[in-house]
Structure formats: C-alpha cells, structure tokens
2 protein chains.
Amino acid sequence: MSIADRKDREKKELTELILKEARALFLEEGFEKTSIRRIADRIEYSPATIYLYFKDKNDLLLALHQESFTHLFEALSSVASVPDAFERLVALGKAYIEYGLKNPEEYELMFMLSAPLEALECRHELWCDGQKAIDLVKMMVDDCKAHGYFRKDLDPDTTAIMLWAQVHGLVSLYLKQRFKMFQDQDQKKLIDKTFGLFIKTLQCFR
Amino acid sequence: MSIADRKDREKKELTELILKEARALFLEEGFEKTSIRRIADRIEYSPATIYLYFKDKNDLLLALHQESFTHLFEALSSVASVPDAFERLVALGKAYIEYGLKNPEEYELMFMLSAPLEALECRHELWCDGQKAIDLVKMMVDDCKAHGYFRKDLDPDTTAIMLWAQVHGLVSLYLKQRFKMFQDQDQKKLIDKTFGLFIKTLQCFR
DNA sequence: TTGACAAAATGAACACTGTTCATTATATTT
DNA sequence: AAATATAATGAACAGTGTTCATTTTGTCAA
C-alpha cells in the first residue's frame, strides 16, 4: 500500500517539522519562551494541530530531551580516544561540564526540568537516556579499577553517582546564577578549580 | 507622629499577611500553583493590591526565599553541638541533605529557581544568604584544617564549593526525579551511600 | 462638620499560557 | 459522484503576570 506509506511518511515529516522548529525556538529563546502557540506560528499550522502529533507539551519536550541526549553523547564521544583510564574519566567530567555551560537550555531540559520525566512517568517508561549516561560513567570507573587507579572493592554504582552529582552540582548551581556571588573571581575558572580539586580527591581511591 | 507609625505598622502587617498566605500556599501546593491571584484570594484582597507591597512576583518570591534561609539555618544550627570538627562537617552535609529532601519546595526556591536571584539582580544586590551559607561551610573546613583532618595548604573556598556542589548535586537530582531510574534501590539510601563514599574520599585530605 | 487633598484598593483590561472539541476542509474509498 | 475516513482548525475554557484609570477610604485644615 503506497498510499498508507505516504501517510506514514507525511505523519513523520510533520512530526519532525514540529520538533525542528520547537528545537530552534528552544535554542534561540529558551524554555520559558517555547510555547505551543509560538511553535505553531513557526510551522504555519494551528496550535491544535500539534496535539495530533504530541499528547501534550511534556511529550513534545521529552522528544526534544531525547534529541539533546544524542547531542550530549556526541559531545562526550571524543573522550573515548584518551588512552589512560583515569585521564579518560577526567576528560569525561570536563566534557560534561563544558557541554552544560555551552548548552544551558539543553542541559536544563535533560537534568533539571520535570517535564520530560513527567512524560516518561505517564507513559510508564523509565529514563533510559539517563541510564545510558550513568552506565557510561560506570564503565569508566570499572576501567579505572582495572588499571589500578581505583581500589577493587570500590562500588562502581555509588562512585558513578558521586561523580555525576559533583559535576551536576557545579553545572546546575552555575546555570542558576548561584555562583554570581563570587563576583571577583571568574565563575568558569572557579568550576574548573573545584573540579580539579575533586579529581585530586579521587586519587585516594587508589 | 502616631498616625504615621500606625500606617507603617499596617503596611508591615499586610506585607506579612501576604507573605504568610503565600508561604502557606507555596508549602501546600508548590511553586507552580502559587499564583498572585490565588494569594489574593486567600488574603481577601484584589491581585493588584499585592503589587503595592511587592514590585513583582520575583520580589515576593525573594522574600519567601529569605524566610526559607532562616528555616535552613535553624535546621543546620544543631550540628554546632557536634564536638569533633570532621564529624561536624559530616553532620552539616547530612543535615543539608535532610533539609532538602524534607522541604523540597523551599529547597528549590533557595537553590534551583531563577526567580529570587533575578529579583536580587534587578535590585543590584548580592546573594548574601548564599554567602552566609558558603561561609558556614568554609568555617567548618577551616576547623578541619585546624584539627589536622585536612592539609594546611587546602584552599577552603574551593573545598567549600566542592562540598556544596556534591550535596546540592545529590539533592537536586533526587528532587527532579533523576534517581527514579534506580528503581530497585531505595533512592534515599542511595543518597546516603553516595554521601558516605564522598566523606570517605575526603579523608585523603589529611 | 464639611470640603480638599492624599493614600489605598480595585475592576477591568492586555497579552499571554496549555488544552479541548465541535466544526470545517481535505483526501480516500466505494 | 456520493459516502466515508482522515486531517486541520477556530473558538472557547480556565488560567497566568502585570498595569492603570477609577473608585473608595482615610487624614487634615478651615
């Protein structure tokens, strides 16, 4: 049936047009300004049409959130080329922080907003993008163990969460202006310095 | 002039009535449901009246935010009685986490929402509540140095930020449902375990 | 006590928001 | 060409923060 095929294709095309313009609006003007009506304006359809392609706004934001994760994993993929296991873990942390600072809106969508997780919740689905991310950290922790950087009895799950919480703490406090009180110092250097100290601290895992 | 005094008092009283009901609404139904109109309903004034007492919603949220800090400092004050310097730092971290988990809305207001900091920004004021909080951590880090738990060359500023970022990372990821993917385990125990590991890690500062 | 003035409170409006649904327009099938 | 299925929409609902002309209330001097 080529006509059903075309219908499927058209459905997919409009879905992606919505996402494309939603993404553009999201990156240009941020989460707050990304309204259904403004997306509708950009794609030249009525607001109601969007609801034929997405259950609600959370559902649309979940789709954007998933695209952002692909973007994040791209940004993190370069660290794979770092030969040393511990240096690789350090590079991962640095790349994560850099991604957060350079893509604030996407970072918020992935790790700070409730919307995408609410969409998953009502679909009875788990946050597998997050699982993939923490698995990446866990693997690198295991590598560090294998190469003698971390003790063998170290729990990789707990360690991965600790690493994640540290970098997320730094990025999210920065993004929400909580480092502006350190007015004299450069905020980004402060993050680097803190991350550096954290890395030093990790060396006692040996 | 007793009449000017009474006017001042009345101004203060209504300001505090607004804050009282705003706070109640905020705690009962959360940030999202705390609208100017609903506050107005509760205090039995028109929405426009609120704007005679607060510049805008951010300004009102800043006032709530400051009240929350008093509440936080109260919750943290008990750790002062812990005799050992390092144990005191650990107790501070635990108390901070516990406060965050038990008072999610207040925690978000203090450390995750933009609103209060935007209000400060347009007043050209600094986030002195935040400064007081980080100073508390810094003092305890200094205590640890003084009692031989941390090396003398450790930078207390960077260390304080690292400690803060760690606990904030844990609390904020939890509050934004990012730990729900670890479905089998108890999320709060996961936080405790991670914080425990972090504390162990700190012992290499000796 | 009354009139003039100042202060406080408000109703209504503006420009938005997400979402739903009966109606209309388009496309496909009989 | 008529009947049916699919797609798109206009209009409405209920809500948001905010502003401002208008009205109400309170104070003070004549």
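Computed from heavy atoms alone, side chains included, the values below leave out hydrogens, waters and symmetry copies.
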If I take atom [atom1] in residue [X] and atom [atom2] in nucleotide [N], what distance separates them, rounded to the nearest angstrom?
X: I50(A); N: dG10(D); atom1: CD1; atom2: P; answer: 13 Å
X: L14(B); N: dA8(C); atom1: CG; atom2: C1'; answer: 10 Å
X: R38(B); N: dG17(D); atom1: CZ; atom2: P; answer: 11 Å
X: E10(A); N: dA8(D); atom1: CD; atom2: P; answer: 8 Å
X: E29(B); N: dT16(D); atom1: CD; atom2: P; answer: 11 Å
X: K33(B); N: dG15(D); atom1: NZ; atom2: C1'; answer: 9 Å
X: I36(B); N: dT10(C); atom1: CD1; atom2: C1'; answer: 15 Å
X: D41(B); N: dG15(D); atom1: CG; atom2: P; answer: 10 Å

* Within 6.0 Å of CD in E32(A), more than 12 heavy atoms from elsewhere ->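 12 or below, so no.
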
* To do: Assess whether atom CD of E121(A) is packed by more than 12 heavy atoms of other residues, nucleotides or ligands within 6.0 Å.
  =>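 Open.
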
* Asked: When you measure from the centre of the six-membered ring of F31(A), is the NZ or CZ of K57(A) under 6.0 Å away and within 45° of the axis?
  ->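 Pair K57(A)/F31(A) counts as cation-pi.
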
* The side chain of L52(A) lies closest to which of these nucleotides: dC13(D), dA8(C), dA7(D)? ->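 It is dA7(D).
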
* **Minimum-distance nucleotide to T49(B) side chain [options: dT16(D), dA9(C), dA7(D)]** =>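 Nucleotide nearest to T49(B)'s side chain: dA9(C).
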
* Asked: Ion pair present between E16(B) and R9(B), side-chain N to carboxylate O less than 4.0 angstrom?
  ->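 R9(B) and E16(B): not salt-bridged.
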
* Charged N-O contact under 4.0 Å between K138(A) and D135(A) ->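 Salt bridge: yes.
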
* Which part of the nucleic acid, if any, lies within reach of Y53(B) when heavy atoms closer than 4.0 Å are counted: base, sugar-phosphate only, or nothing? ->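 It contacts sugar-phosphate atoms only.
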
* Counting just side-chain N and O atoms, does S46(B) come under 4.0 Å of either OP1 or OP2 of dG11(C)? ->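 S46(B) to dG11(C) OP1/OP2: no side-chain N or O under 4.0 Å.
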
* Asked: Any N or O donor-acceptor pair linking the side chain of R37(B) to the base of dG15(D) at under 3.5 Å?
  ->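 Side chain to base: no pair below 3.5 Å.
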
* To do: Check each residue of residues 114-124 of chain B for a non-hydrogen atom within less than 4.0 Å of any atom in DNA chain D, then write out the ones that pass by number, or none.
  =>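 DNA chain D contact set from residues 114-124 of chain B: none.
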
* With a 6.0 Å cut-off on ring centres, are Y174(B) and F182(B) close enough? ->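 That pair fails the under 6.0 Å test.
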
* Asked: Starting at the 5' end of DNA chain D, which residue's closest nucleotide do you reach first, K57(B) or A48(B)?
  ->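 Taking each residue's closest nucleotide, the earlier one in sequence belongs to K57(B).
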
* **Heavy-atom closest contact (T34(A) atom, F26(A) atom, distance)** =>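 Shortest heavy-atom separation between T34(A) and F26(A) comes out as OG1-CA, 3.3 Å.
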
